[in-house]
Amino acid sequence: MLWIRIDAMNTLVLIDGNSLMYRAYYATAYSGNLMKTSTGIFTNALYGFVNMMNKVLDDYNHTHMLVAFDAGKTTFRHEFLESYKDGRKPMPDEMRSQINLIKKYLDLLGVKRLELATYEADDIIGTLSTQAKGDNFDKVHIITGDKDLLQMVDEKTIVHITRKGVTDIESFDEAAVFAKYEVSPQQIVDLKGLMGDPSDNLPGIPGVGEKTAIKLLKQFTTVENLVAHTDELKGKMREKVEANVEQAILCKRMATIHKEVPLPLTFDDLRYEGPHVEELMAFFKEMEFNAFLKKIKMEESKESKPQLPIRIIQSEQELDQLTYQDSAIHVEVFEENYHRGTILGIAVVNQEEAYYAPFELAKKSEAFLSFLSCSTYKKSIFDVKRSRVALMWEGLPLEGVDFDLLLATYILNPTNGSREFKKVVMHYDYDGVSYDEEVYGKGAKRAVAAPEKVARYAIDIATAVFKLKNQILEQLREQGQLELFEEMEMPLADVLATMEFNGMALDLNGLEEMGETLKSRLVALESSIFEQAGMSFNINSPKQLGEVLFEKLSLPVIKKTKTGYSTNADVLEKLCDEHPIIHLIMEYRTLSKLYSTYIEGLKKACYDDGKVHTIFNQALTQTGRLSSVEPNLQNIPIRLEEGRMIRKAFVPSQEGWLILGADYSQIELRILAHISNTESLIEAFKQGDDIHKKTAMDVFKVSEEEMTSDLRRSAKAINFGIIYGMSAFGLSENLNITQKEAKKYIDHYLETYSGIHQYMEDIVKEAKYNGYVSTLFNRRRYIPELTQKNYAIRQFGERTAMNAPIQGTAADIIKKAMIDVSRMMQEKKVQSRLLLQVHDELIFEVPENELELMIELVTKTMEDVVELKVPLKADYSYGPTWYDAK
DNA sequence: ACGGGCTGCAA
DNA sequence: TATTGCAGCCCGT
């Protein structure tokens, strides 16, 4: 059972009703045609107002709320200055008619409102916010379009000023006021006293504008002090000030908000209890606000239970005084890429409490930081690597994480792997958390949300982790996957975190040079291509290229795609002899790929530290492999020399170090030999034979002497095909032979290695029976395709069943190798670092004096990861750059 | 601005 | 109509 302590966390929201009504009206009125109902009632101000209120209700985690209105035409201010607010245009009738609609709306919404005869809305707000601070409120939010209220800002009070429109808001705490106006909130009235305010018909000191006023306040702090020391001013300035002393003091007084208005209500009256749903819906219907109507209906259906208030930590002292214990935590990082992202805050949920600590406070609290770094406090988390790396960039360690919901659910079912928290927990029927998009928005509109909103989201996530943990662990145990989770994925996350954080150094100058060379070659190629084509066009557009080749130049169409002619490399290959333009295009394609993806792409991904910090996705692939993004360092060219040169730009981060690469030799075929128990292949591996040659001899029935490189190449293709669950068609495409020949090859192969044939049949049966296949380390892949009616889909399921255990076991083995190697490196206290994993190889940077040790340590550890019927073999190579480690 | 399609790079 | 990925570019919406 989870108990969340409900602290006396009160948040008061005060709204300047008149100000927002004006904003709402004019924001939609400038176009000329005002929104109205079919019966002719003007509703544009109401509409804007509702929009505004919806945003307020979403954003501020309020417990109490009030909307203040101005009442009569005369206020106490008119006693001092009769001309106050003279010269204002009268309120348009179209707006006036909406005042009562807005008031009715607020009543139905359940929000208190107040207007007083001789006071303005500002004064009501000023009085309430002042009282609230002494009365058990932790936070006061004031929402207005009027900058006067900025004078109320203090450590507990934030003023939100509407900018253009109604929902675009600028928030001011003390620092923000200072940043924008260069004065403290208290000085806002002095500023106004000096500058005046034309909209209230306050003159101030004529000739003094914002700039001068700020300058004077920097020197004299207040109007009174300025008045007392006018002798320190010179020339015209002194004349201007002295001539208007009284006016300045009066204007300041006029602008000063009255904080002791007698009020006919208590805070209890302001408690927000929610809307009168039925009546509000009827009202929206009457106003023809269909979008709002729909919104209520949606909220009604999904929110049957009200949200509990949440606790947001307000000071570092509060954090220092907490007692810490095993908890679920969530580190909220804004931005998909956590290397560049900002930590907004950290939520903590345990048996007794649930709270959210804004990161600015959290990082200053010693008690909280030692909670994070202490491994005796056990933490549950979602995506530990993300949290850990983000904290590493802040120089903060995170230890003691023994449960990662992302990794656990990924193991239970790899299709669950998603960084979208809600999607993951939905698989476990958990519904108590929003989509990331609902919190931050999407696309161009994506932005950091209000702290209350973020806090809610973060606490919801931590709560879900806390609640789901035992259920998920139990399921892992039942399925025999606990060890895979605890001994493989969890420790691997820490290894990966360090790799990502360390990053890999780039030789940017080298990259730049290669780029220049490529660019000039591309320019030359482009003009040759245009010349050959007799026209210029976009070579990068398959559509335009297709038209040039197959219409303008009338070359034979080899293949079509869904949308037109295929112009891929295979097609171009076949057209090579038809026209001299083809080889130019092929070269153009190769070079422009290198230029845009690898030269420009890598440059863009390079950080200020001269390194690329990739992110390994540990919970994505269906087979258990890792993937790599921003940049993808698992597909850097190697096969063609021109592309391979890119690798010269990957260098050690320190002078005199080397890049060391170690890769498993034929790991997938070894695994296949092991699982299928194919004696002759096992023997061949034991003896260290060339396995493709061996396959060629067995399948094509030739002796060692009769072996040709062509036969070996064919055998290699068959071996690859076997791993992927090939078809005759696939092999024929690959080897450019007929399907009939391909079929013959495959039959021969399966006859020769009957164990493999048996394995292929058994694994498909097993998959159909269980619904999933497993790797040697109990990783699962579910294959629902096998139950489908569609033949092609079922075929795909069968290939998946054959391939997943092989690819997956290989992934398991290298993951374990990474953990073992990292532990060995810590034991030996080497400086060398693991940088990358590329599916069957590990890349390190090593100081020269550790080279020998590392070669021995790495290859030995990789080979000893697991004992199979075949030996594992790791090869290595090294050099000054990744290019040389071949 | 987003997303689908095509293309090509890796193991 | 061979497995697993990521990303750039084009182009329609």
Side-chain angles (χ1 to χ4, degrees), chain A residues 414 417 442-446 537-546 559-572 585-586 588-602 604-605 614-617 620-640 642-644 646-647 661 663-669 672 717-735 739 742-743 746 781 791-793 795-808 810-811 814 836-842:
Chain A
K442 70 166 177 178
K445 284 193 182 135
R446 191 178 161 82
F537 63 100
N538 185 344
I539 307 164
N540 283 318
S541 162
K543 185 166 162 262
Q544 294 183 36
L545 180 62
K559 205 166 71 175
K560 287 204 141 201
T561 68
K562 243 187 276 184
T563 48
Y565 310 108
S566 170
T567 66
N568 70 25
D570 282 354
V571 171
L572 295 182
I585 290 168
M586 291 168 77
Y588 181 91
R589 279 256 176 94
T590 309
L591 299 187
S592 84
K593 169 86 179 179
L594 289 178
Y595 184 75
S596 68
T597 305
Y598 295 105
I599 303 286
E600 288 305 308
L602 283 172
K604 265 185 238 157
T614 188
I615 291 177
F616 288 105
N617 198 329
L620 183 139
T621 68
Q622 300 304 299
T623 53
R625 276 187 173 184
L626 301 175
S627 77
S628 156
V629 292
E630 288 186 80
N632 180 356
L633 295 181
Q634 293 180 320
N635 73 343
I636 305 301
I638 189 164
R639 292 176 189 181
L640 301 175
E642 271 173 323
R644 193 172 200 158
I646 300 286
R647 294 183 173 224
D663 66 296
Y664 279 113
S665 157
Q666 308 292 355
I667 188 164
E668 292 183 340
L669 284 176
L672 180 61
I718 298 172
N719 276 331
F720 270 107
I722 283 295
I723 293 168
Y724 299 145
M726 72 180 153
S727 65
F729 177 89
L731 185 64
S732 68
E733 280 286 288
N734 197 288
L735 283 177
Q739 275 197 57
K743 173 114 186 357
I746 294 169
R781 175 166 182 176
Y791 177 73
I793 295 177
Q795 284 279 295
F796 173 80
E798 289 182 9
R799 288 196 299 275
T800 306
M802 296 185 240
N803 169 262
I806 301 172
Q807 197 182 109
I814 195 161
L836 301 177
Q837 185 252 45
V838 192
H839 307 308
D840 68 353
E841 60 180 319
L842 299 178

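Throughout, protein chains are lettered first and strands after them, A, B, ... in sequence-line order, and every chain is numbered starting at 1. Heavy atoms only: backbone and side chains are in, while hydrogens, waters and symmetry mates are out.
- For A:Y565, the ring-ring contact (aromatic ring centres under 6.0 Å, His included) partners two or more places apart in sequence, or in a different chain, are A:F550.
- A:P805 pairs by the side chain to side chain contact (heavy atoms under 4.5 Å, CB included) definition with A:Y759, A:I763, A:V773, not counting sequence neighbours.
- Remark: A:T597 pairs with A:K593 by the side chain to side chain contact (heavy atoms under 4.5 Å, CB included) rule, at least two apart or across chains.
- Here A:Q795 lies out of heavy-atom contact (under 4.0 Å) with every strand.
- Remark: A:T567 engages A:R589 in a side-chain hydrogen bond (donor to acceptor under 3.5 Å, both in side chains) (not counting sequence neighbours).
- Applying the side-chain hydrogen bond (donor to acceptor under 3.5 Å, both in side chains) criterion to A:E630, with sequence neighbours excluded, gives A:N337.
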For this session: Treat primed atoms plus P, OP1 and OP2 as sugar-phosphate and everything else as base, then score nucleotides 7-13 of chain C 5' to 3': B for base contact with protein heavy atoms under 4.0 Å, S for sugar-phosphate contact only, - for none.
Result: SSSSSS-

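- For A:F729, there are no ring-ring contact (aromatic ring centres under 6.0 Å, His included) partners, not counting sequence neighbours.
- For A:D840 (side chain) and A:D663 (main-chain N/O), no donor-acceptor pair under 3.5 Å exists by modelled atom type.
- For A:R639, a side-chain nitrogen or oxygen approaches OP1 or OP2 of B:dA11 to under 4.0 Å.
- The side chain to side chain contact (heavy atoms under 4.5 Å, CB included) check on A:N538 picks up A:N540, A:S541, A:Q544, with sequence neighbours excluded.
- Residues meeting the side chain to side chain contact (heavy atoms under 4.5 Å, CB included) test with A:Q666, sequence neighbours left out: A:L669, A:R670, A:F685, A:I691, A:H692.
- Contact check of residues 797-805 of chain A against DNA chain C (heavy atom, cut-off under 4.0 Å) returns A:R799, A:N803.
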For nucleotides 1-4 of chain B, give me every protein contact, N/O to N/O, under 3.5 Å, one pair per line with atom names.
{"from": "B:dC2", "atom 1": "OP1", "to": "A:G443", "atom 2": "N", "distance (Å)": "3.4"}

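- With sequence neighbours excluded, the residues satisfying side-chain hydrogen bond (donor to acceptor under 3.5 Å, both in side chains) with A:K743 are A:D747.
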